[in-house]
Amino acid sequence: MSKSHYQSPRGTRDILPEEAEKWRWTLNSFAELAQRFGYGQVISPMFEDLGVFLRLGEDTEVVSKEMFTFHDKDPKAPQDLALRPELTASICRAFAQHRPTTPWKVWYEGPQFRYEKPQAGRFRQFVQVGAEIIGEEDPAADIEIITLAWRFYESLGLEHITLLINSLGNRETRGTYNRELSAYLSAASESLSAQSRETLAKNPLRVLDSKREEDLEVISAAPTIQDFLSPEDGNHFESVCDGLTSVGIPFVISPRLVRGLDYYTRTTFEFAADKLQTAQNAVGGGGRYDGLIEELGGPPTQGIGFALGVDRILLACEAEGLQLGDSKPLDVFVVDLTGGSQATQITNEIRAHGFGADRSFGDRSIKAQMKVADRSGALFAIIVGDDELEKNEVTLRDLRGDGSQERVSRSNLVNALDASLKERYSQ
RNA sequence: GUGGCCGUAGCUCAGCCAGGUAGAGCCCCUGUUUGUGGUACAGGUGGUCGCGGGUUCAAAUCCCGUCGGUCACCCCA
């Protein structure tokens, strides 16, 4: 432990092959699903002008405390840079920059970075997949976005996800509600925790997120934003709820769901993994945003989207006992007792025919090589010793069944291997 | 940023309270089996006990500091 001088930076980790297999499968699943829903991929930079993210709201913690920022090497550069802490802002920046026709339906995947203290389900580099519909006000867009996220969880086999949904109204209702809530909480501040009193001064909405025991009573009696919605916003929300019901997606209306990013308006939602026994059990979230694109230099444009945390989703899958991935075992492992050049040629030949093949390196005993062959998970071993070489043959041995083996002529190797594999997979 | 718990072999951990030659299981390597893995048995490799300082004849063990990990608050995916 002391010998390995370096380790991955705090809050980051190496995903090793066994785990990476699950990642690859999961990310592919999302990509295929999103494409089937008619979304196209956007690959945006991992860092942006700092200003892009400042538009998210200077008093959100993600912006004020958790960004990795750095200077451009060019002293004349007008802006500092920041690793992206989320992707909606980048997508909106891209929209404002390229002005594609609307509705613009896009999906993305990739790492994001937040300077936080790590804990279960929280990392400094974490991966999200997400989707956005930009330039569409129709509640059907809200419904489709939520459906896409829901079908993704389903496709992984997750069964214990709760969809929480709320409407934050427009900017005006949000402002009105904010004042009302603030007044209510101030009046009751005697019974609030010290931390909540601090939060109250900065952002009353977020007091509703408190998990502290002493706050629960005050919070549960607080006015809810539902009572302040304009008729239009109320109708929009109702349409979204009705639509979700019509496509069979269960949800829980959660009047106190406010979420951390300030840009949300109207529909907001969150997905909680019920089997995740950690503090961080939100595996996804999203909502509508007004004004964000305008802030970034685009025309006034509506948008709705979500981001799902892949790190946490995989934790949730583990908590539900799901086996992810569909990797096939290696077809064959070549054991060469004649020095290694036969293994080089044979693997080259059968790989060229599309089979999966591996071999060992170094001049090792048959016993050692067979051991490696077994560990590789390969279905068959091809053994070449002096005897085979002399007769221009190889030995083809079944590693997963009864260990039977046969002599095969070198020229017929590919056919024999093909036949043996077909037989094995037909069982 | 605040707090709890934990740092001993590649991995999982015992030993620490009552200081006295650094251990187990798994993994890996070798042999039993001179051309055969997966089972069994036998043997072997591998550790400045996170790091620095202090106490002591003697520190993995006691004390102080520090770094790292982990979990929780906060916040969020």
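Chain A is the first sequence line, chain B the second, and so forth, proteins listed ahead of strands; every chain is numbered from 1.
If you take CZ of A/F333 and P of B/G35, they are 19 Å apart, rounded to a whole angstrom. Taking atom OH of A/Y264 as the reference point, atom P of B/A77 lies 6 Å away to the nearest angstrom. Look at NZ on A/K391: it is 15 Å from P on B/G35, rounded to the nearest Å. As rounded to whole Å, 11 Å separates atom P of B/A72 from atom CD of A/Q277. Whole-Å rounding puts the A/E132 CD to B/A77 P distance at 12 Å.
Of all nucleotides present, none satisfies the Watson-Crick or G-U wobble test against B/C16 with each distance under 3.5 Å. Of the nucleotides present, B/C41 is the one that pairs with B/G31 by Watson-Crick or G-U wobble criteria, both distances under 3.5 Å. Both distances falling under 3.5 Å, in either a Watson-Crick or a G-U wobble arrangement, place B/G1 opposite B/C73. Pairing for B/G10 goes to B/C26, judged as Watson-Crick or G-U wobble with the two contacts each under 3.5 Å.
Base contact: A/E116 has a heavy atom under 4.0 Å from a base atom. Here A/I383 lies in heavy-atom contact (under 4.0 Å) with a base. Among the heavy atoms of the strands lying under 4.0 Å from A/G401 is at least one base atom, whether or not backbone atoms are also near. Residue contacts shown for A/R397 include a base, since a base heavy atom lies under 4.0 Å away. At the heavy-atom level, A/I366 lies under 4.0 Å from base atoms of the strands shown.
Contact check, A/Q7 against B/G69: no side-chain N or O comes under 4.0 Å of OP1 or OP2. For B/U70, the OP1/OP2 oxygens have no side-chain nitrogen or oxygen of A/Q119 closer than 4.0 Å. The phosphate of B/C29 (OP1 or OP2) has a side-chain N or O of A/R375 nearer than 4.0 angstrom. Distances shorter than 4.0 Å separate some side-chain N or O of A/R364 from OP1 or OP2 on B/C29.
With hydrogens and angles left out, the side chain of A/R122 and the base of B/C75 share a donor-acceptor pair within 3.5 Å. Counting atom types as modelled, A/E388 pairs a side-chain N or O with a base atom of B/G35 as donor and acceptor under 3.5 Å. In terms of polar N and O atoms assigned as donor or acceptor, the side chain of A/Q369 never comes within less than 3.5 Å of the base of B/U36 in a complementary pairing. Donor-acceptor pairing under 3.5 Å, judged by distance alone, is present between the side chain of A/R312 and the base of B/C76. Between the base of B/U2 and the side chain of A/K117 there is a donor-acceptor pair shorter than 3.5 Å. Between the base of B/C76 and the side chain of A/E86 there is no donor-acceptor pair shorter than 3.5 Å.
Taking the P atoms as reference points, B/C29 lies 13 Å from B/G37, given to the whole Å. Nucleotides B/G19 and B/C71 place their P atoms 34 Å apart, quoted to the nearest Å. B/G47 and B/U2 have their P atoms separated by 38 Å, given to the nearest Å. One C1' atom belongs to B/U61, the other to B/C17, and the distance between them is 9 Å to the nearest Å. On the C1' atoms, B/U56 is 30 Å away from B/C13, given to the nearest whole Å. Separating the C1' atom of B/U48 from that of B/G44 is a span of 23 Å, rounded to the nearest Å. B/C27 sits 16 Å from B/G38 when the C1' atoms are compared, rounded to a whole Å. Only the C1' atoms considered, B/G1 is 46 Å distant from B/U45, to the nearest whole Å.
Under the 6.0 Å distance and 45° angle rule, A/R397 does not count as a cation-pi partner of A/F380.
The closest donor-acceptor contact from the side chain of A/T268 to the backbone of A/Y264 lies at 3.5 Å or more, if one exists at all. Counting only distance, with no hydrogens or angles, the side chain of A/R256 and the backbone of A/I225 share no donor-acceptor pair below 3.5 Å.
Between A/F152 and A/F30, the angle of the ring planes goes over 60°, which puts this pair in the perpendicular group of the 30/60° scheme. Ring geometry, A/W150 versus A/F271: the interplanar angle falls from 30° to 60°, so the pair is classed tilted.
Residue A/R10 places its side chain closer to B/G69 than to any other of B/G35, B/A77, B/G69. Out of B/A77, B/U36, B/A72, the shortest distance to the side chain of A/A120 is found at B/A72.
Salt-bridge check for A/R410 with A/E393: failed, with every basic side-chain N at 4.0 Å or more from each acidic carboxylate O. Taking the charged nitrogens against the carboxylate oxygens, A/E320 and A/K275 have no contact shorter than 4.0 Å, which rules out a salt bridge.
Taking the six-membered ring for Trp, A/F126 and A/F113 have ring centres at least 6.0 Å apart.
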